[in-house]
Asks: 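For reference, the structure I am asking about is given below.
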Protein chains: 2
Amino acid sequence: MAQTTSRASKTKRTTQTENQIYDSIRHAVLTQKLPSGARLPELTLSEIYGVNRSVVRRALVRLSGDHIILMRRNQSAVVAHPTREETAQLFDARRHVEAQVMRKTAGQLSASARAEIESMVAAEHQTHDEGHHDDRIHLSLHFHERLADACPNQVLAQILQELILRTSITVALYKVPGMAACYRAEDHRGIADAIFDGDGERAAQRACEHLDYLEQRLTHARNDAEVDLSSILNS
Amino acid sequence: MAQTTSRASKTKRTTQTENQIYDSIRHAVLTQKLPSGARLPELTLSEIYGVNRSVVRRALVRLSGDHIILMRRNQSAVVAHPTREETAQLFDARRHVEAQVMRKTAGQLSASARAEIESMVAAEHQTHDEGHHDDRIHLSLHFHERLADACPNQVLAQILQELILRTSITVALYKVPGMAACYRAEDHRGIADAIFDGDGERAAQRACEHLDYLEQRLTHARNDAEVDLSSILNS
DNA sequence: GCATGGAAAAATGTTGACAATATTATAACT
DNA sequence: AGTTATAATATTGTCAACATTTTTCCATGC
């Protein structure tokens, strides 16, 4: 039932090109290549992807529905730039939802899923040790998303996926600049082990602590930046 | 910050006409005038509302993002028709989210909000006694939405609003036909009182019991129907 | 140097047309 | 009657053009 062509795209319209655009922008935001506040003019995007504005538009409307970008009348879409207040609410909501997803997922993993997650944790450690921060961020997000995928309750899981993306935006916006993107090596390991053991309550606890740690590392200063779209959006 | 022009429309594009269409369809689904599976051709809608298809389209894409309608390539949009499995997941998710919203909202109501909710509960009892089921359904949904509005965490509240709408669709689909739309007179009263008393845990408990009752009343048989759009969508 | 005003440019809003696809109706056949 | 093939219709997909609005830039004045 759950179509997997487009990451967490729920169930909706699927011109292949539209999905590509949706995924491309989503991915760029997720990996923090597109910073908060970056403008996304329809014409520029339609030239980059070689399609008409109407196709771009649909992708943008979907993204705005996911709170990833912000659309205002007669103005270019911009990557969402949540306030500090909204950030706090996002983390609060995510803790509550993710904890429940952990409880429901614990002990439910197939052998293959388990192996997959194991390798992801290992890969994450490796990229961290080697200093590939961009890759590690991507793997870290993929870890949370992969666990959500395994949750028996996909309604709850999709809600979590959205919250993961939105909190990722806030981290990019409010993290202290020099810091190697908030990371504690043993956090994901601990969560995975609790899930494997079927100990949902411990997994939930670990996930909350993980998110607390992340949130505490945020500052009040915002990191704004300018970007060149065409150099970023070419997947 | 939270714009209230369009019920739970999050923050997004807002051609007035587009919002009207969005709200109109949303309302028709919510009040069960548009049944599950009903087709929503773009041309028909654009004639009804007197606008171009592109305007209708944007409203439809937003609705599909909310899981209210389903869009498939080259096919007309249709009102969502969740499976029994998805229904169970929806109720499970809603219980978990709504319980938390109750906890956070308890004791936070202003005097005016309190009075407003009081009058809503009273109105609900009255319409029930008088047998105006359609009105009562509307008031009942409004009760839950009004409480969500009062929640300090609006991220969580908006997630709940979406779940309220989606569960409403499942109720329309799976309720036993003759039954006067699942209703226990004292449920909302008990929830409201707990909120007023600042007893979040009791409010959460009552909300869960309320939802359990609702869910248990659903059958496996689906209620399908045919409809004439133009006679419904004229608000 | 700075604010103000207005023209030029850029971007979105809206529309209608045509192409591609899906749905429905019709006809032929068993 | 029921089933299949085919034609007709309905519906969405994509596009380009123009209208409207916002943004940017530059000249003017103080």
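As a basis for the values below, the full set of heavy atoms in this structure was taken, side chains included, without hydrogen atoms, waters or symmetry mates. Keep in mind the model is a prediction, meaning the values are calculated, not measured. Chain identifiers are assigned alphabetically (A, B, ...) following the order of the sequence lines, protein sequences preceding nucleic acid strands; residue numbering begins at 1 within each chain.
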Asks: For A:Arg72 and C:dA11, what is the distance between atoms CZ and C1' respectively, to the nearest whole Å?
Replies: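 In whole Å, C:dA11 C1' lies 14 Å from A:Arg72 CZ.
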Asks: Rounded to whole Å, please give me the gap between CG in A:Leu60 and P in C:dG13.
Replies: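 The answer, rounded to whole Å, is 10 Å.
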Asks: If the plane angle is over 60° it's perpendicular, under 30° parallel, otherwise tilted; pick one for A:His188 and A:His210.
Replies: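 Perpendicular, since the angle between the ring planes exceeds 60°.
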Asks: Is there a side-chain contact between A:Arg73 and the phosphate of D:dT20, meaning an N or O under 4.0 Å from OP1 or OP2?
Replies: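 Answer is no, no contact under 4.0 Å.
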Asks: Taking only residues two or more places apart in sequence or in another chain, which ones pass side chain to side chain donor-acceptor pair (under 3.5 Å) with B:Arg84?
Replies: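 B:Arg84 satisfies side chain to side chain donor-acceptor pair (under 3.5 Å) with no residue once adjacent residues are dropped.
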Asks: Return the set of residues passing ring-ring contact (aromatic ring centres under 6.0 Å, His included) with B:His132 (not counting sequence neighbours), or none when no residue passes.
Replies: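 Once residues adjacent in sequence are excluded, B:His132 has no partner under the ring-ring contact (aromatic ring centres under 6.0 Å, His included) criterion.
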Asks: So that I can tick it off, tell me whether A:Asp92 and B:Lys104 are bridged by a salt bridge, with the cut-off set at under 4.0 angstrom between side-chain N and carboxylate O.
Replies: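 A salt bridge links B:Lys104 with A:Asp92.
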Asks: Separation of B:Glu18 atom CD from C:dT14 atom P, in whole Å?
Replies: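 Whole-Å distance recorded here is 9 Å.
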Asks: Please report, rounded to the nearest Å, how far the C1' atom of C:dG13 is from the CG atom of B:Asn19.
Replies: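 Rounded to whole Å, this separation is 15 Å.
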Asks: Starting at CD of A:Glu42 and ending at P of D:dA16, how long is that distance when rounded to a whole Å?
Replies: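 Checked: the CD to P distance equals 15 Å.
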Asks: Test of understanding: with side chain to side chain donor-acceptor pair (under 3.5 Å), list the residues that count as partners of A:Ser76, not counting sequence neighbours.
Replies: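 By the side chain to side chain donor-acceptor pair (under 3.5 Å) rule, A:Ser76 matches A:Arg39.
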Asks: So, is A:Gln75 close to the C:dA11 phosphate, meaning a side-chain N or O under 4.0 Å from OP1 or OP2?
Replies: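 Answer no for this pair, as no side-chain N or O of A:Gln75 is under 4.0 Å from OP1 or OP2.
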Asks: Distance check needed: C:dA22 P versus B:Leu40 CG, whole Å only.
Replies: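 After rounding, the gap between these two atoms is 19 Å.
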Asks: Just the atom pairs and distances: protein N or O near nucleotides 15-20 of chain C's N or O, under 3.5 Å.
Replies:
from, atom 1, to, atom 2, distance (Å)
C:dT15, OP2, B:Asn52, N, 3.2

Asks: ring-ring contact (aromatic ring centres under 6.0 Å, His included) with A:His96: which residues, sequence neighbours excluded?
Replies: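 Listed in chain order: B:His96.
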Asks: If I take atom CG in residue A:Leu43 and atom C1' in nucleotide D:dT23, what distance separates them, rounded to the nearest angstrom?
Replies: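 Spelled out: CG on A:Leu43 to C1' on D:dT23 is 15 Å.
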Asks: Of the candidate nucleotides D:dT14, C:dT12, D:dT24, which contains the atom at the shortest distance from the side chain of B:Arg57?
Replies: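 The closest nucleotide is D:dT14.
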Asks: Run the side-chain contact (heavy atoms from CB on, under 4.5 Å) test against B:Asp212 and tell me which residues pass, sequence neighbours left out.
Replies: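 side-chain contact (heavy atoms from CB on, under 4.5 Å) check on B:Asp212 returns B:Arg95, B:Gln216.
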Asks: So, does B:Ser76 get its side chain near the phosphate of D:dA10, meaning an N or O under 4.0 Å from OP1 or OP2?
Replies: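 No, no such contact exists.
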